[in-house]
Amino acid sequence: MYSKNDAALVIEIKAKVVSKREDVAGHMYTAARRVKTTYYVTFETDNEERIEFEMSGTNQGMLVVGDVGELSYQGTRYLGFKR
């Protein structure tokens, strides 16, 4: 997947944050609490295409549903969002 993303064009497009979600996997009630949280954000472009990206919790936390700006991505790799 990395080489496919590396070969893809970098896309910059106007988009809106339409949803955020988290996927929690693991055992929360064990002594070690081996839990992995994966963070996702869905964007909608001007042509009404929806694109979901996995990203860090820090990046997800900086985005608010309803934000409008310039989305940058390469293949399936989220690069950034500027309001």
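The figures here come from the full heavy-atom set of this structure, side chains too, leaving out hydrogens, waters and symmetry mates.
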Could you check Thr42, Thr45, Val41 and say which one makes a side-chain contact (heavy atoms from CB on, under 4.5 Å) with Ile51?
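Exactly one pass, corresponding to Thr45.
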Between Val17 and Phe43, is a side-chain contact (heavy atoms from CB on, under 4.5 Å) present by the stated rule, with each step listed?
CA-CA 5 Å; Val17 177; Phe43 296 88; 3.6 Å; yes
Which pair of heavy atoms, one from [X] and one from [Y], lies closest together, and at what distance?
X     : Y     : value
Gly75 : Ala8  : N-CB, 3.6 Å
Val35 : Val24 : CG1-CG1, 3.3 Å
Gln74 : Asn5  : CG-O, 3.1 Å
Phe53 : Thr76 : CD2-O, 3.5 Å
Glu54 : Tyr78 : O-CB, 4.3 Å

Main chain of Gly80, side chain of Glu70: is a donor-acceptor contact present, judged purely on distance under 3.5 Å?
no
Do Lys20 side-chain atoms and Gln60 backbone N/O form a donor-acceptor pair below 3.5 Å?
yes
Results of salt bridge (Lys or Arg N to Asp or Glu O under 4.0 Å) for Asp23 - residues two or more places apart only
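Listed in chain order: nothing, the list is empty.
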For Tyr39 and Leu63, run side-chain contact (heavy atoms from CB on, under 4.5 Å): C-alpha distance rounded to whole Å, both residues' side-chain angles, the deciding distance at 0.1 Å, then the answer.
CA-CA 12 Å; Tyr39 300 90; Leu63 300 171; over 6 Å; no
Under a single-linkage definition using a 4.5 Å side-chain heavy-atom cutoff for Ile, Leu, Val, Met, Phe, Trp and Tyr, are Met62 and Tyr73 assigned to the same hydrophobic cluster?
no
Any link between Leu71 and Leu9 through a network of hydrophobic side chains (Ile, Leu, Val, Met, Phe, Trp, Tyr) touching at under 4.5 Å?
yes
Could you tell me the separation between the CZ atom of Phe81 and the NZ atom of Lys16, rounded to the nearest 0.5 Å?
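If we round to the nearest 0.5 Å, Phe81:CZ and Lys16:NZ are 10.5 Å apart.
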